[in-house]
Participant: 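Dropping the structure in here first, questions after.
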2 protein chains.
Amino acid sequence: MNFDNIDKKLLELLQADAKKTTKELSQKLNLSVTAVYERIKKLEREGVISSYVALLNRAKIDKNFVVLCHVKLVKHNKELIAQFENEIVKLTEVLECFHVSGDYDYILKICVKDMEAYREFMVTKLTSIEHIVSTHSTFMIGEVKNTTAYKL
Amino acid sequence: MNFDNIDKKLLELLQADAKKTTKELSQKLNLSVTAVYERIKKLEREGVISSYVALLNRAKIDKNFVVLCHVKLVKHNKELIAQFENEIVKLTEVLECFHVSGDYDYILKICVKDMEAYREFMVTKLTSIEHIVSTHSTFMIGEVKNTTAYKL
DNA sequence: GCTGAAAGGTATCCTCG
DNA sequence: CGAGGATACCTTTCAGC
């Protein structure tokens, strides 16, 4: 799909605030309400906009302890990978999990309450998944940037 | 702030789909529309819900090349750190940047179109920031999980 | 903190340039 | 592709429990 400047601006606005009314958007874009409405519907239909979500403040919900955990598997055959990934998806503490190139196989972003909760998570959940040969935890000491918005 | 089970369920629903109407939510929660409305307003007022955003599909907007880049600075005094972080925030290709413990100082999640775009980013943007002594790029070869929703 | 009803604003659709 | 108007639905407020 191709985006003109209005689409780009529209996506920028919706990525910043999904609660803006089409009326407000139409004013910022110098378009009619209907035109904006149809552009949004098209972007949704095409799957460019995948969802609208509420973002929470980690600090207010006891999830302010963030760890980036590098994981290495014993082997890399299709079955083991599928099994591992299937388990990871279920873990609510894991917000992001990327299969990566390099020394480690996966990088996980884990959010829990504190170090104690992380210890508990490691012992009872992560390392109970089979096929993991090693992990390396890197603790977040500060969040410089964390956005969901892409610049088109 | 303290959350009862209704708040938790409400936050779960809003994190999954911010476009649900208070009417729909009230049915799922067995509450009146007004009660749900007031709970949401309170969660917004307290800053638990920080924003509502549209999430885009990376694959549809030419941002499907994801790199986790580890960065190490020369020194770690307050001034250099502030200067580095100030520059990073401006880079639209960087969606996440965490100040971390360990061998490297920062871990960045970078989304661009392809390897060529990444090369361009590294050469013209990232490494043009001063005080970086070394970087290590880890390429994403698969996305296992990527959510913005915390489980309360 | 909850409910139900009332008022005003929006989303959505339709017809027409 | 975009505009404007009609309608159903939603958000938001208010009185009362």
Side-chain angles (χ1 to χ4, degrees), chain A residues 1-63 113 147-152, chain B residues 1-63 113 147-152:
Chain A
M1 177 166 175
N2 239 351
F3 307 110
D4 63 15
N5 287 331
I6 297 175
D7 283 329
K8 289 181 186 176
K9 183 72 183 165
L10 178 55
L11 288 171
E12 186 183 321
L13 292 167
L14 289 174
Q15 284 186 104
D17 180 9
K19 277 283 152 76
K20 277 207 174 64
T21 64
T22 45
K23 190 178 178 184
E24 290 175 293
L25 295 169
S26 71
Q27 285 160 358
K28 295 201 187 240
L29 297 168
N30 285 109
L31 267 180
S32 72
V33 169
T34 311
V36 172
Y37 175 78
E38 294 195 332
R39 276 171 184 265
I40 293 173
K41 287 301 148 193
K42 182 170 183 197
L43 290 165
E44 290 172 1
R45 225 182 310 119
E46 306 259 358
V48 176
I49 296 173
S50 56
S51 62
Y52 298 94
V53 302
L55 298 181
L56 306 192
N57 182 343
R58 263 210 311 277
K60 306 252 175 171
I61 55 169
D62 278 348
K63 299 288 180 186
K113 183 182 179 192
T147 181
T148 55
Y150 300 96
K151 169 78 175 175
L152 296 192
Chain B
M1 178 165 176
N2 239 352
F3 306 110
D4 63 13
N5 287 332
I6 297 176
D7 284 329
K8 288 181 185 175
K9 184 70 184 167
L10 177 54
L11 287 171
E12 187 183 322
L13 292 167
L14 289 174
Q15 284 186 105
D17 179 9
K19 277 282 152 76
K20 278 208 173 64
T21 64
T22 44
K23 190 179 178 183
E24 289 175 294
L25 295 169
S26 71
Q27 286 160 357
K28 293 198 187 247
L29 297 168
N30 285 108
L31 267 181
S32 70
V33 169
T34 311
V36 172
Y37 176 79
E38 293 190 335
R39 277 170 182 266
I40 294 173
K41 287 301 148 190
K42 182 171 183 196
L43 291 165
E44 290 172 1
R45 225 182 311 120
E46 305 260 357
V48 176
I49 296 174
S50 56
S51 61
Y52 298 94
V53 302
L55 298 181
L56 307 192
N57 182 345
R58 264 211 309 278
K60 306 254 174 168
I61 54 168
D62 277 348
K63 299 285 180 188
K113 184 182 179 191
T147 181
T148 55
Y150 301 95
K151 170 77 175 176
L152 296 190

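Letters A, B, ... mirror the listed sequences (proteins, then strands); counts begin at 1.
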Participant: Round to a whole Å and report the spacing from CG of B:Asn30 to C1' of C:dT3.
Facilitator: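 It works out to 14 Å between those atoms.
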Participant: Expressed in angstrom and rounded to an integer, what is the separation of B:Tyr52 atom OH from D:dC10 atom C1'?
Facilitator: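 That distance rounds to 14 Å.
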Participant: Could you please name the option among D:dT12, C:dG4, C:dT10 that lies closest to any side-chain atom of A:Lys23?
Facilitator: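 Of the options given, the side chain of A:Lys23 lies nearest C:dT10.
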Participant: Are any of B:Thr22's side-chain N or O atoms less than 4.0 Å away from OP1 or OP2 of D:dC10?
Facilitator: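 Answer no for this pair, as no side-chain N or O of B:Thr22 is under 4.0 Å from OP1 or OP2.
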Participant: Quickly work out the A:Glu38 CD to C:dA11 P distance and round it to whole Å.
Facilitator: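 It works out to 14 Å between those atoms.
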Participant: One thing to verify: whether B:Lys9 and B:Asp4 come together as a salt bridge, which I'm taking to mean a side-chain N less than 4.0 angstrom from a carboxylate O.
Facilitator: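 Salt bridge absent between B:Asp4 and B:Lys9.
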Participant: Output yes when at least one side-chain N/O atom of A:Arg39 is less than 4.0 Å from OP1 or OP2 of D:dC1, else no.
Facilitator: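 No, because none of the side-chain N or O atoms of A:Arg39 sits under 4.0 Å from OP1 or OP2 of D:dC1.
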Participant: Think B:Lys19 forms a cation-pi with A:Tyr52, using NZ or CZ under 6.0 Å from the six-ring centre and within 45 degrees of its axis?
Facilitator: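 Judged by the rule (NZ or CZ under 6.0 Å from the ring centre, within 45° of its axis), B:Lys19 counts as positioned above A:Tyr52.
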Participant: At under 4.0 Å, does any side-chain N or O of A:Lys41 touch on OP1 or OP2 of C:dA11?
Facilitator: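 For A:Lys41, the contact criterion (side-chain N or O under 4.0 Å from OP1 or OP2 of C:dA11) is not met.
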Participant: If I take atom CG in residue B:Leu25 and atom P in nucleotide C:dT3, what distance separates them, rounded to the nearest angstrom?
Facilitator: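 These atoms are roughly 14 Å apart.
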Participant: Nearest to the B:Thr21 side chain among D:dC1, D:dT11, C:dG1, which nucleotide is it?
Facilitator: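 In terms of side-chain proximity for B:Thr21, the closest of D:dC1, D:dT11, C:dG1 is D:dT11.
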Participant: Could you check whether B:Lys41 pairs with B:Glu44 (Lys NZ or Arg NE/NH1/NH2 to Asp/Glu carboxylate O, under 4.0 Å)?
Facilitator: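 Here B:Lys41 pairs with B:Glu44 in a salt bridge, since their nearest N and O are under 4.0 Å apart.
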Participant: Does D:dT11 have OP1 or OP2 under 4.0 Å away from a side-chain N or O of B:Tyr37?
Facilitator: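 For B:Tyr37, the contact criterion (side-chain N or O under 4.0 Å from OP1 or OP2 of D:dT11) is not met.
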Participant: Could you tell me whether the side chain of A:Thr34 has a donor or acceptor atom within less than 3.5 Å of a complementary atom in the base of D:dG4?
Facilitator: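 In this structure, the two groups form a donor-acceptor pair.
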Participant: Base, sugar-phosphate or nothing for B:Lys19? Non-hydrogen atoms, less than 4.0 Å.
Facilitator: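 Here B:Lys19 touches no strand at all.
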Participant: Let me know the distance between CD1 of B:Ile40 and P of D:dT12, rounded to the nearest Å.
Facilitator: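 Computing the B:Ile40:CD1 to D:dT12:P distance gives 9 Å.
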Participant: Mind listing the closest non-hydrogen atom pair of A:Gln15 and A:Thr148 along with its distance?
Facilitator: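 Heavy-atom minimum between the residues: OE1-O, 3.7 Å.
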Participant: Looking at B:Thr34, B:Asp7, B:Thr22, which hits side-chain hydrogen bond (donor to acceptor under 3.5 Å, both in side chains) with B:Arg39?
Facilitator: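 By the side-chain hydrogen bond (donor to acceptor under 3.5 Å, both in side chains) criterion, B:Arg39 pairs with just one of B:Thr34, B:Asp7, B:Thr22: B:Asp7.
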Participant: Provide, to the nearest angstrom, the distance between the CD atom belonging to B:Gln27 and the P atom belonging to C:dG4.
Facilitator: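 Nearest whole value for this atom pair: 12 Å.
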Participant: In whole Å, I'd like the distance from the CD atom of B:Glu24 to the P atom of D:dC10.
Facilitator: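 My rounded result for the distance is 7 Å.
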Participant: To the nearest Å, give me how far apart NZ (A:Lys42) and P (C:dA11) are.
Facilitator: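 From A:Lys42 NZ to C:dA11 P: 21 Å.
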